[in-house]
Amino acid sequence: MGRKTGIALLVSFAAVLLAAGCTTSSHSDGPVAQQKANNEIVIGDILYDTDAYQIAQQKQMQAYADSLGIKMIFENQQGKGTSAPNLMDDLLAKGVDGVIFQPADANVSVPLVRQAQAQGIPVLGWGIPFGPGVTAPYVGLDERAETVAAGKEAAQYVLKNFPGQPVKVLIVTITGVSICSDLRMGGFEQGVKEVAPNASIATVNGNGDRNTAVTVTEDALQRDKSFNIATGCNSDMAMGALQAFKSAGLGGATAKKPAHTYFYSINGTDEELRALTDPSTPLMAVLGLTPKEVAKTLIDTMLKVIHGEIPAKGNYTMNIPDRQLVPDCSVANSFNRDEYFAAQDLPCVSG
């Protein structure tokens with residue numbers, strides 16, 4: 001076969017491949033699954049932890065993925081950013097078409113996002129932004145306006161119902177995590193200060209863990225028992241703080257009127273809703289995360305990235321709102337069933 005004939009055949013063969021939509025590699029910088037049907041798409045999800053919210057989110061994501069015919073592979077960091085490298089390696093080895101990632105450590109996540117992107121696998125950030133140095137689409141929580149409003153309500157309640165008392169707030173947070181410092185506890189503190197500029201704010205590091213929250217709250221109460229507002233950046237920390245207050249004899253209420261301290265919590269788990277609708281507890285409001293809506297948004301957005309409708313290395317951002325919940329049994333039961341797969345009603349009077 002002559003040189004010209006060989007070149008002509010190669011060109012013809014390449015044209016056939018292009019016409020058939022074939023490429024010479026399985027992954028590239030472009031959309032990795034643009035020609036795939038839903039039942040051929042595999043999405044990896046690196047979850048933050050195994051708390052009640054994360055469990056509900058995983059169940060909701062699986063249910064929605066099943067309805068679309070998409071395969072999900074879940075990994076879990078157990079709240080430890082150092083777990084993420086092995087989890088990312090595992091997902092990439094299994095040939096996922098995209099990765100949804102809520103990092104337990106924003107800085108640890110940076111080389112992992114680069115690793116996936118270098119292989120043509122898009123990464124969608126969720127809940128906690130990646131550290132500096134990478135650009136990827138991101139879905140966040142629209143919470144600051146809601147937590148600012150919650151802080152105002154808490155301070156107004158204290159000024160009205162505990163006249164003469166200075167406003168003193170205990171915040172149990174996760175040090176160095178932006179969702180706490182910027183959106184949740186930062187917003188709550190701002191709201192308190194807008195109503196009570198001279199409010200005293202004490203912040204302790206609960207590290208996202210219930211047992212740690214109990215311990216640091218007990219330590220705080222040994223130093224000062226005059227806190228009349230308390231909150232935590234997630235349900236484990238808020239409920240851990242409430243447990244410590246109860247142990248100190250400071251966590252009661254009568255007909256939903258706190259005897260000592262107004263509590264505010266974030267997540268909307270079954271435990272929180274039971275406390276919210278219990279007239280003997282001082283949990284007065286809850287910011288309810290919506291795992292059903294989150295699951296649908298994350299998967300729909302990931303599919304758009306996979307199919308090239310959203311740039312895989314662009315700065316696309318959207319936010320999902322939470323729901324403010326008050327002590328209303330009917331609303332709480334509906335929320336618990338729809339979002340957290342509750343099989344039975346809360347032990348309160350519907351209405």
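Residue indices begin at 1 and follow the sequence shown. Note that these values count all heavy atoms, side chains included, but never hydrogens, waters or copies made by symmetry.
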Main-chain N/O of [Y] paired to [X] side chain as donor or acceptor, under 3.5 Å:
X	Y	value
Gln77	Ala104	yes
Ser181	Gly176	no
Arg337	Ala342	no
Thr212	Gly208	no
Thr147	Arg144	yes
Ser235	Ser265	no
Glu194	Lys152	no
Lys225	Leu221	yes
Thr135	Lys313	no
Ser334	Val331	no

Do any pairs count as a side-chain hydrogen bond (donor to acceptor under 3.5 Å, both in side chains) and have a residue in residues 43-53, sequence neighbours left out, and if so which ones?
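For residues 43-53: Tyr53-Gln57.
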Yes or no on side-chain contact (heavy atoms from CB on, under 4.5 Å) for Met284 and Lys257, after CA distance, side-chain angles and deciding distance?
CA-CA 9 Å; Met284 303 299 289; Lys257 294 182 178 180; over 6 Å; no
From [X] atom [atom1] to [Y] atom [atom2], the distance as rounded to the nearest 0.5 Å:
X	Y	atom1	atom2	value
Ile55	Gln60	CD1	CD	13.0 Å
Glu40	Ile70	CD	CD1	11.5 Å
Thr297	Met61	OG1	CE	10.0 Å
Cys180	Ile174	SG	CD1	4.0 Å
Asp345	Leu273	CG	CG	11.5 Å
Met237	Asn267	CE	CG	9.0 Å

Under 3.5 Å, is there a donor on one side chain and an acceptor on the other for [X] and [Y]?
X	Y	answer
Ser226	Lys168	yes
Thr269	Glu272	yes
Ser280	Asp278	yes
Tyr262	Asn161	no
Asp89	Gln115	yes

How about [atom1] on [X], more than 12 heavy atoms from neighbouring residues, nucleotides or ligands closer than 6.0 Å, or not?
X	atom1	result
Lys193	NZ	yes
Lys256	NZ	yes
Asn315	CG	no

Pairing of [X] and [Y] as salt bridge, 4.0 angstrom limit:
X	Y	result
Asp219	Arg223	no
Asp338	Lys292	no
Asp97	Lys36	yes
Glu143	Arg184	yes

Apply side-chain contact (heavy atoms from CB on, under 4.5 Å) to the pair Leu141 and Asn319, showing each step before the final yes or no.
CA-CA 5 Å; Leu141 289 165; Asn319 292 310; 5.9 Å; no
Return the orientation label for the Tyr340 and Phe335 ring planes: parallel under 30°, perpendicular over 60°, tilted otherwise.
tilted
Tell me, do [X] and [Y] make a side-chain contact under 4.5 Å, heavy atoms counted?
X	Y	value
Ser83	Asn76	no
Leu47	Gln102	no
Val96	Ile43	no
Gln243	Arg210	yes
Val195	Leu159	yes
Ile171	Glu189	yes
Glu293	Glu339	yes
Tyr157	Pro258	yes

Provide the closest heavy-atom pair for [X] versus [Y] in the form atom of the first, atom of the second, distance.
X	Y	result
Thr173	Asn205	O-OD1, 3.2 Å
Asp270	Arg274	OD2-NE, 2.5 Å
Val172	Ala213	CG1-CB, 4.0 Å
Pro122	Val305	CB-CG1, 3.4 Å
Leu170	Ala220	CD1-CB, 4.0 Å
Cys348	Asn333	SG-ND2, 4.4 Å

For Val214 and Glu218, what are the C-alpha separation, side-chain angles and deciding distance, and is it a side-chain contact (heavy atoms from CB on, under 4.5 Å)?
CA-CA 6 Å; Val214 171; Glu218 288 175 342; 3.6 Å; yes
Who pairs with Phe130 by ring pair (Phe, Tyr, Trp, His ring centres under 6.0 Å), at least two apart in sequence or on another chain?
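So Phe130 forms a ring pair (Phe, Tyr, Trp, His ring centres under 6.0 Å) with Phe101.
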Are [Y] and [X] connected in a single hydrophobic cluster, I mean Ile/Leu/Val/Met/Phe/Trp/Tyr linked by side-chain heavy atoms less than 4.5 Å apart?
X	Y	result
Leu124	Ile179	yes
Leu112	Tyr138	no
Ile41	Tyr64	yes
Phe74	Leu289	yes
Met88	Val134	yes

Go through Asp322 and Asp142 one step at a time and tell me if the side-chain contact (heavy atoms from CB on, under 4.5 Å) criterion holds.
CA-CA 7 Å; Asp322 295 341; Asp142 186 12; over 6 Å; no
Is the gap between the ring centers of Phe188 and Tyr264 under 6.0 Å?
yes
